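Per chain, numbering begins at 1; letters A, B, ... match sequence-line order. Remember, it's a predicted structure, so these values are computed and weren't measured experimentally. These values consider heavy atoms only, across backbone and side chains, with no hydrogens, waters or symmetry-generated copies.
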Number of protein chains: 2
Amino acid sequence: METEYETRPREAIARILRAEPRFLSAAELCARLEESGTPVSRATVYRTLERLAAKGEAALRLNDRGEATFMSCDNGHHHHAICRSCGRVEDVACGALDTFVDRLRSLHGFQLDDHSLEFHGKCRSCV
Amino acid sequence: METEYETRPREAIARILRAEPRFLSAAELCARLEESGTPVSRATVYRTLERLAAKGEAALRLNDRGEATFMSCDNGHHHHAICRSCGRVEDVACGALDTFVDRLRSLHGFQLDDHSLEFHGKCRSCV
DNA sequence: AGGATTTTGAGACTCGTTCTCAAAATGCCG
DNA sequence: CGGCATTTTGAGAACGAGTCTCAAAATCCT
């Protein structure tokens, strides 16, 4: 069988992610873990992140350097507004993309499965 | 001074990009260049691609494995519909995102600078 | 506590990308 | 043309994020 263990590394990672409304890279996560007195190996950080993403509990995003970054994630389809100054992320409900979908269907004959939308700018406290 | 030279590698790369409505990775580009009898080193491929992207003549996209891919690019802001089967890319004019922008302003106090939107599905010939 | 099972960590490894620097190509000017 | 300053190229070294390996440690169950 395949039971799941609750371990110190996993809890430490989940705790940091939950407290931070930003996408963190594996390296940043490692640093925070070290600072907070619970060092965790890179391998474990990656494994845990992959696990969380698979369970839908973390969102994965590739930053502009192609590095994987993660953020704790509520369920449900939505998009992100990312502050280019502090990195804070706000969720934006998804809707009103009908115009685009229609355009795709009629103009291009495209069968839409999926989309991704991301906003960049400055959050309230960074303006 | 800094003059620009017209060279065989640069022309070969531009020719391949212009003929292909898909995002190509540096590796794929290298392979095509080899096939077409104009081998170009990786270093040069990356340098040329970076140059084209800076001049706005090529679009850069990170694929889901974090690899940089490039496609020749008309100017003007628009988005892409990418066929998950053949990779063909169709341009989609940008508009009607007002609903989102409004929501961001009023709900989150977010000052929007920029956004990116990508559609995935199947193109006419792959459905 | 004992033991089957899962998880972890250190470091080797992979692979995309960047860097280095000597050799080759380009364009210019006499 | 032919020489020359300048730019570009290529081979391979270097770098870095991410993955893999496997023995040691942790977890949970009884």
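- One can find a donor-acceptor pair under 3.5 Å joining the base of dG10(D) and the side-chain atoms of Arg47(B).
- When each of Arg42(B) and Arg10(A) is assigned the nucleotide of DNA chain C with its nearest heavy atom, Arg10(A) is the one assigned upstream, toward the 5' end.
- Put simply, CG on Leu62(A) is 9 Å from P on dG18(D), counting in whole angstrom units.
- Side-chain polar atoms of His80(B) and Glu118(B) form no donor-acceptor pair below 3.5 angstrom.
- Within the nucleic acid shown, Ser25(B) has no heavy atom closer than 4.0 Å to any nucleic acid atom.
- The side chain of Thr7(A) lies closest to dT7(C), out of dG18(D), dT7(C), dG10(D).
- Judged by distance alone, the side chains of Arg47(A) and Thr44(A) do bring a donor and an acceptor atom under 3.5 Å apart.
- If you measure from atom CD of Glu11(A) to atom C1' of dT8(C), you get 15 Å, rounded to the nearest angstrom.
- For the pair Glu28(A) (side chain) and Ser25(A) (backbone), a donor-acceptor distance under 3.5 Å is present.
- The interatomic distance linking Glu6(B) (CD) with dT9(D) (C1') rounds to 16 Å, in whole Å.
- Annotation for Arg84(A): atom CZ counts as buried by contact number, over 12 foreign heavy atoms lying within 6.0 Å.
- In this structure, the ring of His115(A) has its center no less than 6.0 angstrom from the ring center of His79(B).
- Distance CG (Leu60(A)) to C1' (dA17(D)): 14 Å, rounded to an integer number of Å.
- Nearest nucleotide to the Glu4(B) side chain, out of dC20(D), dT8(D), dG10(D): dT8(D).
- In this structure, CD of Glu34(A) is placed 13 Å from C1' of dG9(C), rounded to the nearest angstrom.
- Distance Asn63(A) CG to dG16(C) P: 18 Å, rounded to the nearest Å.
- A donor and an acceptor atom never sit less than 3.5 Å apart when one is taken from the side chain of Tyr5(B) and the other from the base of dT7(D).
- Across the protein-nucleic acid pair, Glu50(A) atom CD and dT8(C) atom P stand 13 Å apart, rounded to whole Å.
- Nucleotides of DNA chain C nearest to Arg8(B) and Ala68(B) differ in position, and the one nearer the 5' end is that of Ala68(B).
- In this model, the phosphate group of dT18(C) is not approached by any side-chain N or O of Tyr46(B) to a distance below 4.0 Å at OP1 or OP2.
- For Glu67(A), taking side-chain heavy atoms from C-beta onward, the closest of the listed nucleotides dA17(D), dG16(C), dT27(D) is dA17(D).
- The side chain of Thr3(B) contributes no N or O atom lying less than 4.0 Å from OP1 or OP2 of dT6(D).
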